[in-house]
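Shown next, in structure tokens, is the structure this report addresses.
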Amino acid sequence: MWNVNSQLRLCSSILRQRIKQQQQEFLIGTSIRRSFTTTEGSRPTIIHKRSIDILHDPWFNKGTAFSMTERDRLDLRGLLPPNVMSSQQQIERFMADLKRLEEQARDGPNDPYALAKWRILNRLHDRNETMYYKVLIDNIAEYAPIVYTPTVGLVCQNYSGLFRRPRGMYFSAQDRGEMMSMVYNWPAEQVDMIVVTDGSRILGLGDLGVQGIGISIGKLDLYVAAAGINPQRVLPVMIDVGTNNEKLLKDPLYLGLQQNRLEGEEYISIIDEFMEAVFTRWPHVIVQFEDFQTKWAFKLLQRYRNTYRMFNDDVQGTAGVAIAGLLGAVRAQGKPMTEFPKQKIVVAGAGSAGIGVLNAARQTMSRMSGNNEASFESSRSQFWVVDANGLIAEDRPNIDPDALPFARTVKELGPLGLQSGSSLVDVVRQVKPDVLLGLSAVGGLFSTEVLEALKGSTSSRPAIFAMSNPTKNAECTPDEAFAVLGGDIIFASGSPFKDVDLGDGRIGHCNQGNNMYLFPGIGLGTLLSGSRIVSDGMLQAAAECLAAYITEEEVLSGTIFPCVSSIRDITKQVAAAVVKEAIEEDIAEGYRDMDARELQKLSQEEILTYVQNNMWNPQYPTMVYKKD
């Protein structure tokens, strides 16, 4: 009996130990699964509407892809043709219609094909968001220039005439004191990403007023397509403080406030109220400032960047892409990236984008050559800045404070025969730069004379960055650059151009240095890290990740930016780099079920998996009706 009881006690003890071990394994497994669960996967969607209301809601409408069981469950039977189609069949139908309708959708002989494509895609967006993003993702190289630069500039110029269905929110000077309540008019309980503009400097097209909302919509389309931000959690915003565009002020069909722009403290108070309102309702949202005129871009960035999760893409995104390209240009010369501090750079343009690039490049040079005060001070000597009034030197009256650190001294100019106000061609001729970088928004600024002067460059492979958008504002075209300088150059532009046939089987590569390579990853990485700010280190990590994405063979052939068709993978890598940097800076606070401690335990591969699993994919979810 004793043996039997002993065996029973022993078996019971073993069983308890096994149960405890299984419980521990389950908890560990649950933790791992929770950490790496696809949070943007195809879980059922609870909706509070039925019947025709669903078909009129682009967030939920599947059109002919609703299954028969869903049609019964949601009171849709009889409201759709009987044949149930797959999402791929729907896309094939749409693409066939798109090719056929491109010509028909043209609004008269002056309406270009790009705008016709935008109209057709926009109509799909109005009907069925999931299918719209599926088409965009699967054809990103073809349609990114349609929903973003350069076509988005044309859309903004004509937005009052193109407006059919409201998308996003509008805050105006007439809404002072009401914004805190207004944000609750937006139907989404959660918003992850806001892109906001005041329309004052849309691309290189100037003040377009309320019509600038098009740039916010286009940017967020790329956040969804490239970064996998859930489209139900993005919000395009227009802050209408008036316009100084005389044409719009006199246009009876203009949709915005027909008054001159607010200035000074009145203007700042509007932006302050907006920021307080959106962060009160959505404390974890990220706000990207877009196309604010130079005098406000830096001021607002410095005002908010240490308080809110925000960044300015024109200042910081453009700078990051430019840094990645500049580092790539060094590699294309057969040199390591650490040789970057020796590069002589002439910058044409001292607006928000130009100054942003200068500051970022100076910081990068400083970090590579000692990362101390002395290296930071000495790195300024590598830059020569030319604006509309010529070379910026210290004896120029009323220098913009943001440009002042890059003003040349009279002593530096003397030996080169230059002076304050010297022309771009004279500066290029005398400085013999390694890089000529344009962010001027002046189309054709890099004339034949300027390009001829660049032949005197001390670099074996000088680089030309014609970065202004849209296409008509590019400082030069690749055809012009290669025609004057031959094939031994690096060429990059802000808008897309075709490669140049140099003959004898040689290709002059046109690299599109577009901000879309970085801003989606910066936004996604910030979101998933849970960092309360977007630090300089996170931005630098994004730029260096992009610079390293290209292989050595590709770089030596003249390719310094990757193919747009890889944007989804590029964004994943950039976002992972941003998350990793936030962890290393100890400012990552986690996202959803992944807290800061769990984040710190992730390896590089696990961070990539974490990012991948939190990227939304355009798949139709199963829908379940629940009464309010």
Side-chain angles (χ1 to χ4, degrees), residues 38 40-107 111 113-144 146-147 155 162-168 187-188 217-218 220-221 224-225 228-234 616-628:
T38 303
E40 296 301 335
S42 53
R43 60 182 64 173
T45 296
I46 306 298
I47 58 175
H48 304 289
K49 56 182 65 179
R50 306 175 81 161
S51 189
I52 200 75
D53 290 338
I54 296 176
L55 300 182
H56 290 166
D57 189 333
W59 279 3
F60 302 117
N61 182 29
K62 300 183 188 181
T64 55
F66 279 108
S67 68
M68 295 309 294
T69 55
E70 282 183 316
R71 296 183 190 200
D72 286 336
R73 189 164 61 241
L74 302 173
D75 293 344
L76 292 171
R77 187 181 282 268
L79 301 182
L80 292 162
N83 188 14
V84 176
M85 305 192 77
S86 68
S87 61
Q88 188 56 43
Q89 287 175 310
Q90 286 183 314
I91 289 171
E92 289 171 1
R93 284 182 61 240
F94 174 77
M95 295 300 289
D97 287 343
L98 178 60
K99 300 302 180 186
R100 178 175 55 82
L101 292 174
E102 278 177 6
E103 179 67 27
Q104 297 179 16
R106 294 179 69 187
D107 186 14
D111 193 19
Y113 284 107
L115 191 54
K117 288 183 179 179
W118 180 88
R119 291 171 187 271
I120 297 167
L121 287 168
N122 192 56
R123 290 168 192 161
L124 176 62
H125 199 176
D126 288 344
R127 298 192 308 272
N128 185 330
E129 275 210 338
T130 302
M131 186 174 165
Y132 171 77
Y133 286 113
K134 177 69 173 172
V135 169
L136 184 56
I137 290 170
D138 289 351
N139 303 274
I140 190 67
E142 181 179 358
Y143 293 142
I146 303 300
V147 301
V155 171
L162 294 169
F163 180 85
R164 295 292 181 274
R165 177 181 179 272
R167 182 170 286 122
I217 295 169
L220 285 168
D221 277 347
V224 176
I229 303 292
N230 190 314
Q232 294 187 25
R233 297 204 293 267
V234 301
W616 177 84
N617 285 294
Q619 298 172 346
Y620 289 134
T622 300
M623 291 186 185
V624 177
Y625 172 74
K626 183 178 181 181
K627 196 172 183 178
D628 279 331

| Side-chain touch Ile229/Leu220, heavy atoms, less than 4.5 angstrom | no
| message | Do Met623 and Phe66 make a side-chain contact, defined as non-hydrogen atoms from C-beta onward lying under 4.5 Å apart? | response | yes
| request: Search all heavy atoms of Ala144 against all heavy atoms of Leu136 and return the closest pair with its distance. | output: N-CD1, 4.4 Å
| request: Quick one: pull up OG1 in Thr130 and CG in Asn617 and give me the separation to the nearest 0.5 Å. | output: 11.0 Å
| message | Using side-chain heavy atoms (C-beta onward) and a distance below 4.5 Å, is Lys134 in contact with Leu124? | response | no
| request: For the residue pair Val84 and Met68, establish whether any side-chain heavy-atom pair is separated by less than 4.5 Å. | output: yes
| field | OG on Ser86 to OH on Tyr620, rounded to 0.5 Å | value | 9.5 Å
| Does Gln90 use its side chain to pair, donor to acceptor, with the backbone of Lys62 at less than 3.5 Å? | yes
| With side chains defined as the heavy atoms from C-beta onward, is the minimum distance between Asp138 and Met95 less than 4.5 Å? | no
| task | Might you point out which heavy atoms bring Ser51 and Leu76 nearest each other, and give the distance in Å? | result | O-CD2, 3.2 Å
| task | Decide yes or no on side chain to side chain contact (heavy atoms under 4.5 Å, CB included) for Gln232 and Thr45, but give the supporting numbers first. | result | CA-CA 12 Å; Gln232 294 187 25; Thr45 296; 5.6 Å; no
| Can you find a pair of side-chain heavy atoms, one from Lys626 and one from His48, that are under 4.5 Å apart? | yes
| remark: Rounded to the nearest 0.5 Å, the CG atom of Asp126 sits from the CG atom of Asn61 at a distance of 11.5 Å
| request: Would you give the length of the straight line joining atom CG of Leu74 to atom CG of Asp53, rounded to the nearest 0.5 angstrom? | output: 11.5 Å
| query | In Å and rounded to the nearest 0.5 Å, what is the CD to CZ distance from Gln89 to Arg93? | reply | 9.5 Å
| message | Minimum heavy-atom separation for Asn83 and Arg71, please, with both atom names. | response | O-NH2, 3.9 Å
| query | For Arg50, does the CZ atom sit with more than 12 other heavy atoms under 6.0 Å from it, leaving out its own atoms? | reply | yes
| query | Does the side chain of Asp221 come within less than 4.5 Å of Tyr133's, by heavy atoms? | reply | yes
| message | For a quick test of reading the model, state the closest non-hydrogen atom pair linking Leu80 to Gly63 and the distance between them. | response | CD1-O, 3.3 Å
| request: Determine the interplanar angle of the Tyr132 and His125 rings, folded into 0 to 90°, and report it as parallel if under 30°, tilted if 30 to 60°, perpendicular if over 60°. | output: parallel
| CH2 on Trp616 to CZ on Arg233, rounded to 0.5 Å | 11.0 Å
| said: Can you confirm whether Glu129 sits close enough to Val224 that some side-chain heavy atom of one is under 4.5 Å from a side-chain heavy atom of the other? | reply: no
